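First the structure, in the form of structure tokens, and then the observations on it.
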Amino acid sequence: MNPIDNPYTPGAGTQPHELAGRDELRNNLKITVARIMRAKPVKSMLMVGLRGVGKTVLLEQMRQDVEAMGVHTIYIEAPENRSLPSLLSPQLRLGLLKLSRLDQSKEAATRALKALAGFAKSLKVTFGDIEVGFDQEPEAGLADNGDLEADLTALMVEVGHAAKAGETAIVMFIDELQYVRSEQFAALITALHRCAQLKLPVALVGAGLPQLRGLAGNSKSYAERLFNYPEVGALGEDAAKEAIVNPAKDEGVEFDSEAVDEIISKTQGYPYFIQEWGSHTWDLAEESPITKDDVVNSTDLTIAKLDESFFRVRFDRLTPKEKTYLNEMAKLGAGPHRSGDIADSMKKKVSDVAPVRNSLIKKGMIWAPNHGDTAFTVPLFDEFMLRIMEE
């Protein structure tokens, strides 16, 4: 096959040729947005799933979907070392500036920009990483108390009024939401709750690892009533076939059925892995139809590429003790596993390894599906650990 025509796109957040199996989620968000623009009650959405299931890709596609509906969007990826106010402030400023250019929302947007100026100035001492230009002077008493929860609520209410005046909505898309600190997440939840009470057109679409559900609930007890938590997982068989076959078909290339089955077996339906296997199989195959032998022959190279990029980048962030913990987990299988079984495998007490487990949870490497259970957040990471620790 001509590598220039290769339709598969392995990469971090790279849009695939075929976004298969996600139509229901996309349609649900369109309904949500249409409802908030009519002042009808809705729940915001927090999508949860393991690494490699395509949450980032889906989030961006959803953003494009709702922008096509005339909605103003904000897109943020939350890193581990930045505050939520520092991420929100410049994006809210851009959205409000757009609204301030519309005659019907100019006054409300100007007031919201004043609230943003007060918000940023009052919290600058607490969050030294806030960097945002001021287009209006602060208004005394407007989002400037220096209390994150109260000020963010006041700011988002003004943002909501500006969006309503502009006959539109503000939808915030935040990726890697599990990295937002608990007290900042709580403030955001409070602000969204108040906007919902006032029927203002403001919504959040977040994406994160499975522990996001627990983080939201721990931040605010009513979070379970404020959000829907759709799970983004591996693709079902039909959707996985579409993700494999359709991109090649558009290039005039066919897969035989055994080749498709082999890729699904190797990837377990995880979208990122499908892109990797599809890409390397395409480059290795000499002619159409692509066969099972082509898939098998590309497997060693595909695994090597996954080890080098997708897996290794996470492995290299680990301390020696964390690597040992994950290696013992991997020896037990894909999981989830009882924390006590992992400790027993290490010949240690659960209390002795608890700090390492907590550190791995904070780094997003593992999560607790149930109390006392531990599971990898990265599919097939157990197999990688067994390979890498043998080197």
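Fair warning: this is a prediction, and the values are worked out from it, not measured in the lab.
Judged purely by distance below 3.5 Å, without hydrogens or angles, the side chains of Thr190 and Thr153 never pair a donor atom with an acceptor atom. Using modelled atom types and a 3.5 Å distance limit, the side chains of Asp175 and Thr56 yield a donor-acceptor pair. Asp294 and Thr291 form a side-chain donor-acceptor contact under 3.5 Å, judged by distance and modelled atom types alone. A side-chain N or O of Ser86 and one of Asp129 form a donor-acceptor pair less than 3.5 Å apart. Side-chain N/O atoms of Arg181 and Gln184 include no donor and acceptor closer than 3.5 Å. Looking at Glu254 and Ser288, their side chains never bring a donor and an acceptor atom within 3.5 Å of each other.
Note on ring orientation: taking the six-membered ring where Trp is involved, the planes of Phe273 and Phe311 are tilted (angle from 30° to 60°).
The shortest heavy-atom contact between Ser339 and Arg357 is OG-NE, 3.1 Å. For the residue pair Leu235 and Gly21, the shortest heavy atom distance occurs at CD2-CA, 4.4 Å.
Side-chain atoms of Lys363 come within 3.5 Å of backbone atoms of Arg317 as a donor-acceptor pair (strictly under, hydrogens ignored). Between the side chain of Lys124 and the backbone N or O of Ile130 there is at least one donor-acceptor pair closer than 3.5 Å. Panel note: side chain Thr267, backbone Ile274; no donor-acceptor pair is recorded below 3.5 Å.
Using a cutoff of 4.0 Å between basic side-chain nitrogens and carboxylate oxygens, Asp307 and Arg312 are not scored as salt-bridged. A salt bridge links Arg51 to Glu176: at least one charged side-chain nitrogen sits closer than 4.0 Å to a carboxylate oxygen.
In this structure the side chain of Ser44 never reaches within 4.5 angstrom of the side chain of Val205, judged on heavy atoms. Contact of the Thr299 side chain with the Thr281 side chain is not registered, since no non-hydrogen atoms from C-beta on lie closer than 4.5 Å. With a 4.5 Å cut-off on side-chain heavy atoms, Gln64 and Met62 do not count as touching. Taking 4.5 Å as the limit, some side-chain heavy atom of Glu158 sits within range of a side-chain heavy atom of Leu142. Asp144 places none of its side-chain heavy atoms less than 4.5 Å from the side chain of Leu123. Taking the side chain as every heavy atom from C-beta outward, Leu212 and Met47 never approach each other to under 4.5 Å. Between Leu116 and Gln136 there is no side-chain heavy-atom pair separated by less than 4.5 Å.
Ring to ring, Tyr8 and His17 are not that close: their centroids are 6.0 angstrom or more apart. Taking the six-membered ring where the residue is Trp, the centroids of Phe381 and Phe315 are separated by 6.0 Å or more.
Pairs of residues two or more places apart, or lying in two chains, never qualify as ring pair (Phe, Tyr, Trp, His ring centres under 6.0 Å) while including a residue from residues 123-163.
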Could you check Val378 against Phe384 for side chain to side chain contact (heavy atoms under 4.5 Å, CB included), going step by step and ending with a plain yes or no?
CA-CA 10 Å; Val378 183; Phe384 166 75; over 6 Å; no
Assess the residue pair Arg338 and Asp373 against the criterion (salt bridge (Lys or Arg N to Asp or Glu O under 4.0 Å)); give the C-alpha distance rounded to whole Å, side-chain angles, the decisive distance to 0.1 Å, and a yes or no.
CA-CA 4 Å; Arg338 298 295 295 171; Asp373 285 349; 2.8 Å; yes
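Hydrophobic clustering, defined by side-chain heavy atoms of Ile, Leu, Val, Met, Phe, Trp and Tyr closer than 4.5 Å, groups Val157 together with Leu198, Leu200.
Not a single salt bridge (charged side-chain N to carboxylate O under 4.0 Å, His left out) links Glu231 to another residue, sequence neighbours left out.
Within a 6.0 Å sphere centred on CG of Asp316, heavy atoms belonging to other residues, nucleotides or ligands number more than 12.
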